[in-house]
Asks: 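Below you will find the structure I want to go over with you.
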Amino acid sequence: MAYDFRAIEPKWQKKWEEKGAFHVEAGAEGPKFYCLEMFPYPSGALHMGHLRNYSIGDLTARFLRMNGYNVMYPIGFDSFGMPAENAAIKMKTHPAVWTKKNIDHMIGQLKSMGCSYDWRRLVKTFEPDYYRWSQWFFLQMYKKGLAYRKHAPVNWCETCGTVLANEQVIGDGVCWRCETPVVKRGLDQWFLRITDYADELLEYLDKLPGWPERVLTMQRNWIGRSEGVRFDIEIAGTGLTIEAFTTRIDTIFGITFVALAAEHPVVEELASRSDGARRAEILGFAARMSQRSAIERTAAGGDKMGMDTGFKAINPANGELVPIWIADYILTDYGTGAIMGVPAHDQRDFDFVRKFGLGVIPVVRREGEPVPDPAEMTEAAVADGVSCNSGQFDGLPTPVAIERISAWFEEKGWGKRETQYRLRDWLISRQRYWGTPIPVVYCDRCGIVPVPEESLPVELPLDAVVPENGVNALLGRPDWINTTCPECGGQARRETDTMDTFICSSWYFFRYLSPGYDKAPFRSEDAKYWMPVDLYIGGIEHACLHLIYARFFTKMISDLGLVPPDMREPFTGLLTQGMVIKDGAKMSKSLGNVVDLDEIINKYGADTARLFILFASPPDRSLDWSDKGVEGANRFLNRVFRLVEGKADSLRRASRQHVPMGAIESAGARDLKRLIHSTIDRVTRDIRDERQFNTAVARMMELTNGLAAYKPADATDQAVFREGVESLLLCLSPFCPHIAEELWEMIGQSGTLSLSLWPKAEEDALDVDKVTVVLQINGKLREQFEMPPGLDRDELAKRVMELDQTKKRIEGKDVVKVIAVQDKLVNIVVKG
RNA sequence: GCCGGGGUGGCGGAAUUGGUAGACGCACGGGACUUAAAAUCCUGUGGACGCAAGUCCGUGCGGGUUCGAUUCCCGCUCUCGGCACCA
């Protein structure tokens with residue numbers, strides 16, 4: 001008979017809830033620990049990624065709680081966004097109705113998993129009580145100039161009918177959500193000045209030792225800092241100048257052309273100063289180039305397009321005249337949209353001149369080698385070397401040349417040292433209904449007017465109907481759009497764009513700390529106590545999305561003075577869980593390899609589901625779903641259940657007096673006692689230090705095997721057995737809390753296991769009374785012996801050398817050397 | 001191209017500071033119980049040769065350091081992920 005998880009699991013869930021067992025308050029006893037999971041989007045039902053995420057989180061929260069920590073462990077729903085609108089159209093309902101229904105269902109699922117959240121802190125981002133404060137943050141940023149509106153070429157997703165932030169364009173230029181190729185559109189949009197924090201966002205990555213290297217690298221790449229010189233280039237005979245940026249100012253004497261992006265404003269200027277035919281040619285070329293999408297540009301495979309404008313630029317370093325070209329490989333939104341072309345030392349410039357027959361001037365040579373012949377060069381010489389053809393800078397090693405020439409440019413007033421970032425400001429406008437309204441109105445007289453703080457929230461009308469064609473439902477609500485200007489009282493229109501939902505998720509972890517608070521987004525003293533998050537668990541797909549935005553928000557919040565000035569980072573520990581895979585692919589409806597969580601819980605119980613997912617793989621690696629593996633986990637729990645249930649009577653009767661190692665006579669009981677405490681020791685270290693939950697489970701299985709094979713003879717033996725069962729249940733409880741509670745009760749314990757203290761390994765029970773020592777001959781394993789532990793190396797070597805087996809092994813051979821390792825091995829090096 | 005992770009049995013995965021490679025589980029083989037099956041229990045299981053004792057091979061590939069290397073060093077290779085005409 002399998003154990004009855006269907007009765008046990010709800011029973012304990014109810015008891016925990018009735019007791020408020022997991023309610024938590026700031027300032028309670030013990031060191032604080034904030035354990036946070038990436039809150040789910042209410043898509044309908046939890047999937048296996050959620051099971052994994054929340055099994056890891058709940059395990060951590062429960063483990064630390066048992067270890068005396070005051071653990072903040074909350075949950076919520078990231079409940080604005082596209083899918084709700086799509087569902088509303090498809091099912092002819094309202095996004096709010098669909099979202100609420102899904103949240104209710106998913107709350108039920110989270111409870112059936114046995115997660116130990118403090119449910120009083122539940123946060124739902126679509127509630128006015130929450131998004132009011134997102135709007136408030138927007139206003140604060142507007143005041144500080146961190147939120148601004150500008151006309152810009154932006155990423156547009158046709159399927160989603162909205163613009164996207166750079167971070168939300170993934171792979172080779174597709175929408176992160178629906179994978180539609182993104183196109184550029186010129187629109188007036190709201191941006192957040194995240195680039196103001198680029199430097200700090202980058203620098204502080206070095207102060208996050210609790211983050212995986214992968215994520216740090218991804219963010220470093222994304223922010224993409226480079227140091228160089230920004231300088232002016234004069235266009236001969238026009239009085240115009242072009243700004244350029246370079247990281248290799250040391251190659252300034254090697255310029256053979258200047259190239260402009262097609263969208264560069266000076267292009268039009270040059271066209272207007274050209275004669276008719278020429279003008280049309282330039283404008284036509286520029287228009288053709290700028291119309292091409294990012295995908296088309298890169299798909300060209302590096303084959304560069306360009307056109308000579310006929311104008312000449314003056315190299316500031318030496319006064320030389322070089323042609324000015326328009327080139328498709330110059331990006332309009334990086335640097336200045338114009339470059340100095342140095343084909344000898346930049347591969348792209350090299351490719352360009354080889355195609356269009358422009359010159360090459362080497363200005364860096366390898367140390368000890370002559371200046372290369374440009375005609376013989378087959379590729380650009382990108383590596384550092386020694387300057388040449390560079391006037392007074394000849395002979396300087398590259399880093400020195402960069403330093404000297406930069407200083408020279410600054411001295412002459414030709415340019416300035418500057419740092420460039422790849423990171424762009426965060427475009428937060430969305431042409432969508434189901435989101436947080438941007439609290440701004442447009443007045444014909446006053447222009448852009450922020451909604452006053454005391455008028456917040458700007459509520460999203462819930463009686464809007466999402467139209468079939470999917471456009472923003474707010475556009476069909478003139479009654480909502482038309483309003484009065486807060487400044488002049490005249491007619492004004494509300495902003496109909498809503499905020500990127502990533503705004504909602506950029507600060508929710510602060511809101512958990514002060515649920516329902518209505519004076520501010522959160523109480524500063526709550527944040528001061530609980531923040532930063534000690535462990536944040538979620539998928540790696542947010543490495544350059546949510547995890548950058550939340551860092552930015554935290555810095556902004558700190559600058560607003562809501563948290564102490566030194567609280568600059570939201571998450572000190574980060575655990576990026578791997579994907580859940582089935583049959584070699586990520587679970588997805590289209591592949592038909594989805595395993596339903598409810599079905600698994602119904603068939604095997606939550607404890608089994610949790611145990612399997614924690615056991616099958618270390619948390620940061622991808623995990624192969626295996627139906628057989630689930631059965632294995634279930635088999636183990638049944639085994640534990642039978643073991644305890646079968647001996648329940650004698651366990652209840654057994655002495656609860658602590659039996660120290662020294663008081664145990666029988667060898668069997670001594671061995672079990674050692675097994676118990678080495679298990680406690682290993683499980684504790686695996687969870688706390690290594691986060692290797694899979695090996696922790698393996699240890700518990702070993703202890704179970706040991707307990708099952710154990711034959712207690714007397715009362716002391718029985719007491720040790722009871723100690724073993726208690727220890728097993730304590731260790732098991734963060735993994736499989738329901739069955740552990742049930743068996744805890746069954747052996748006659750009163751009180752809630754989940755609130756009990758974690759067991760402590762007894763030092764003297766970790767000592768062994770014999771060790772296995774191996775004999776190696778020339779490094780190869782030959783024999784094994786039992787030896788008393790702690791023998792010093794000489795003694796160990798001596799004893800092993802005296803053994804018959806050893807003598808036989810080395811008979812007739814010259815012993816060159818004997819190496820002994822305490823408690824481990826003796827290696828005899830022989831000749832002949 | 002640059003950056004980062006990874007490569008261990010049939011599979012998921014273990015291996016303190018270099019010190020018994022393959023813990024634990026899955027799958028599979030043999031056995032017990034059963035009329036039978038399921039469940040459960042016992043047992044075997046990296047490969048090759050061997051009746052056996054045992055010997056040899058074995059942690060992506062090739063070198064090196066060392067008494068001894070999955071672990072350290074050098075050079076490759078494959079794979080996953082990120083970035084990428086970023087000046």
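Since we're looking at a predicted model, the values are computed, not measured. As a basis for the values below, the full set of heavy atoms in this structure was taken, side chains included, without hydrogen atoms, waters or symmetry mates. Convention: sequence-line order gives letters A, B, ...; per-chain numbering from 1.
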Asks: Has Lys304(A) got a side-chain N or O lying under 4.0 Å from the OP1 or OP2 atom of rC85(B)?
Replies: no

Asks: Please tabulate, one pair per line, all N/O donor-acceptor pairs under 3.5 Å involving side-chain atoms of residues 772-779 of chain A, not counting sequence neighbours.
Replies:
from, atom 1, to, atom 2, distance (Å)
Asn778(A), OD1, Val830(A), N, 2.9

Asks: Base contacts versus sugar-phosphate-only contacts with protein, heavy atoms under 4.0 Å: please encode nucleotides 1-10 of chain B as B, S and - from 5' to 3'.
Replies: --SS------

Asks: Just checking, any donor-acceptor pair under 3.5 angstrom between side chains of Asp199(A) and Tyr421(A)?
Replies: yes

Asks: Would you classify Gln692(A) as touching base, sugar-phosphate or nothing, given that sugar-phosphate means primed atoms plus P, OP1 and OP2, and contacts are heavy atoms under 4.0 Å?
Replies: sugar-phosphate

Asks: At less than 4.0 Å, is any side-chain N or O atom of Ser617(A) found next to OP1 or OP2 of rG13(B)? Yes or no.
Replies: yes

Asks: Taking only side-chain N and O atoms of Arg230(A), does any of them lie within less than 4.0 angstrom of OP1 or OP2 on rA87(B)?
Replies: no

Asks: Check whether any side-chain heavy atom of Glu379(A) lies under 4.5 Å from a side-chain heavy atom of Asp351(A), and answer yes or no.
Replies: no

Asks: What residues form a salt bridge (charged side-chain N to carboxylate O under 4.0 Å, His left out) with Glu418(A), not counting sequence neighbours?
Replies: Arg230(A)

Asks: Answer with base, sugar-phosphate or nothing: what part of the nucleic acid does Ser622(A) contact at a heavy-atom distance below 4.0 Å?
Replies: sugar-phosphate

Asks: For residues 773-793 of chain A, pull every pair meeting salt bridge (charged side-chain N to carboxylate O under 4.0 Å, His left out), keeping only residues two or more places apart or in separate chains.
Replies: Glu783(A)-Arg809(A)

Asks: Does Ser626(A) reach a base, just sugar-phosphate, or nothing at all? Heavy atoms under 4.0 Å.
Replies: nothing

Asks: Report, one pair per line, the protein and nucleotides 17-19 of chain B atoms (nitrogen or oxygen only) whose separation is under 3.5 Å.
Replies:
from, atom 1, to, atom 2, distance (Å)
rG19(B), N2, Gln776(A), OE1, 3.3

Asks: Expressed as a whole number of angstroms, how long is the span from Phe636(A):CZ to rC26(B):P?
Replies: 11 Å

Asks: P atom, rU66(B) versus rC61(B): distance in rounded Å?
Replies: 23 Å

Asks: Using side-chain heavy atoms (C-beta onward) and a distance below 4.5 Å, is Trp325(A) in contact with Phe356(A)?
Replies: yes

Asks: To the nearest angstrom, how far is Ile402(A) atom CD1 from rA87(B) atom C1'?
Replies: 13 Å

Asks: Do side-chain atoms of Ser617(A) reach the backbone of Ser622(A) as a donor and acceptor pair under 3.5 angstrom?
Replies: yes

Asks: If you take any heavy atom closer than 4.0 Å to RNA chain B, which residues from residues 780-796 of chain A end up in contact?
Replies: Lys780(A), Arg782(A), Gln784(A)

Asks: Taking side-chain contact (heavy atoms from CB on, under 4.5 Å) as the test, write out the residues that go with Asp624(A), two or more places apart.
Replies: Ile581(A)

Asks: Quick check: do Val815(A) and Val829(A) have side-chain heavy atoms less than 4.5 Å from each other?
Replies: no

Asks: Report the stems of RNA chain B as range-with-range entries sorted by first number; a stem here is at least three consecutive pairs, Watson-Crick or G-U wobble, both distances under 3.5 Å, and write none if there are none.
Replies: B:1-7 with B:77-83, B:10-12 with B:24-26, B:28-32 with B:40-44, B:46-49 with B:54-57, B:60-64 with B:72-76

Asks: Looking at the rings of Phe352(A) and Phe257(A), which for Trp means the six-membered one, are their centres under 6.0 Å apart?
Replies: yes

Asks: Could I get a table of every N or O pair under 3.5 Å where one atom is in the protein and the other is in nucleotides 22-25 of chain B?
Replies:
from, atom 1, to, atom 2, distance (Å)
rA23(B), O2', Glu702(A), OE2, 2.8
rG25(B), OP1, Asn705(A), ND2, 3.4

Asks: With a 4.0 Å cut-off on heavy atoms, is Pro618(A) in touch with a base, just the backbone sugar-phosphate, or nothing at all?
Replies: sugar-phosphate

Asks: If I take atom NE2 in residue His264(A) and atom P in nucleotide rA87(B), what distance separates them, rounded to the nearest angstrom?
Replies: 17 Å

Asks: Are Arg639(A) and Asn705(A) linked by a side-chain donor-acceptor pair shorter than 3.5 Å?
Replies: yes

Asks: Could you tell me the separation between the CG atom of Asn166(A) and the C1' atom of rC86(B), rounded to a whole number of Å?
Replies: 12 Å

Asks: By side-chain contact (heavy atoms from CB on, under 4.5 Å), which residues pair with Ala313(A), not counting sequence neighbours?
Replies: Ile233(A), Val258(A), Val322(A), Ile324(A)

Asks: Between rG12(B) and rC51(B), how far apart are the P atoms? Round to whole Å, please.
Replies: 34 Å

Asks: Taking atom C1' of rC67(B) as reference, at what distance in whole Å does atom CD1 of Ile777(A) sit?
Replies: 11 Å

Asks: Using the glycosidic torsion, which applies to rG12(B): syn (within 90° of 0) or anti (everything else)?
Replies: anti

Asks: Suppose you measure atom C1' in rA15(B) against the same atom in rA23(B); what distance do you get, rounded to whole Å?
Replies: 8 Å

Asks: Going by atom types only, do Asn634(A) and Thr608(A) share a side-chain donor-acceptor pair under 3.5 Å?
Replies: yes

Asks: Taking the same atom, C1', in rU65(B) and in rG18(B), what whole-Å distance lies between them?
Replies: 11 Å

Asks: Would you mind reporting whether Asp620(A) and Gln577(A) have side-chain heavy atoms less than 4.5 Å apart?
Replies: no

Asks: Can the ring centroids of Phe502(A) and Trp176(A) be said to lie less than 6.0 angstrom from one another?
Replies: yes

Asks: Output one line per pair: protein atom, nucleotide atom from nucleotides 44-48 of chain B, and distance, for all N/O pairs under 3.5 Å.
Replies:
none

Asks: Using the P atom as the point on both nucleotides, what is the distance between rG58(B) and rG68(B), in whole Å?
Replies: 15 Å

Asks: Ignoring backbone atoms, establish whether Arg809(A) has a side-chain N or O less than 4.0 Å from OP1 or OP2 of rU55(B).
Replies: yes

Asks: Between atom OH in Tyr421(A) and atom P in rA87(B), what is the gap in whole Å?
Replies: 13 Å

Asks: C1' atom, rU71(B) versus rG60(B): distance in rounded Å?
Replies: 16 Å

Asks: Determine all donor-acceptor pairs shorter than 3.5 Å in which one atom belongs to a side chain in residues 687-699 of chain A; sequence neighbours excluded.
Replies:
from, atom 1, to, atom 2, distance (Å)
Thr695(A), OG1, Asp686(A), OD2, 2.9
Thr695(A), OG1, Gln692(A), O, 3.0
Arg699(A), NH1, Glu702(A), OE1, 2.9

Asks: Using whole Å, what does the distance between atom C1' of nucleotide rC85(B) and atom CD1 of Ile330(A) come to?
Replies: 8 Å

Asks: For Gln347(A) and Ala380(A), indicate whether the former's side chain and the latter's backbone hold a donor-acceptor pair under 3.5 Å.
Replies: yes

Asks: Checking Asp425(A) against Thr195(A): is there a side-chain donor and acceptor pair closer than 3.5 Å?
Replies: yes

Asks: Find which nucleotide of RNA chain B each of Val169(A) and Arg348(A) is nearest to by heavy atoms, and output the residue with the more 5' nucleotide.
Replies: Val169(A)

Asks: Looking only at atom P, what distance separates rU55(B) and rG63(B), rounded to whole Å?
Replies: 26 Å

Asks: Between Glu213(A) and Arg220(A), does a salt bridge (Lys or Arg N to Asp or Glu O under 4.0 Å) hold up when you go through it step by step?
Replies: CA-CA 10 Å; Glu213(A) 199 52 48; Arg220(A) 279 190 195 107; 3.7 Å; yes

Asks: Backbone N or O of Ala543(A) within a donor-acceptor pair of the Arg214(A) side chain at under 3.5 Å?
Replies: no

Asks: Which whole number of Å gives the distance between the P atom of rU45(B) and that of rA39(B)?
Replies: 23 Å

Asks: Figure out the CG/P separation between Asp620(A) and rG82(B), and round it to whole Å.
Replies: 17 Å

Asks: Before we go on, tell me: are the rings of Trp414(A) and Phe409(A) under 6.0 Å apart, centre to centre?
Replies: yes

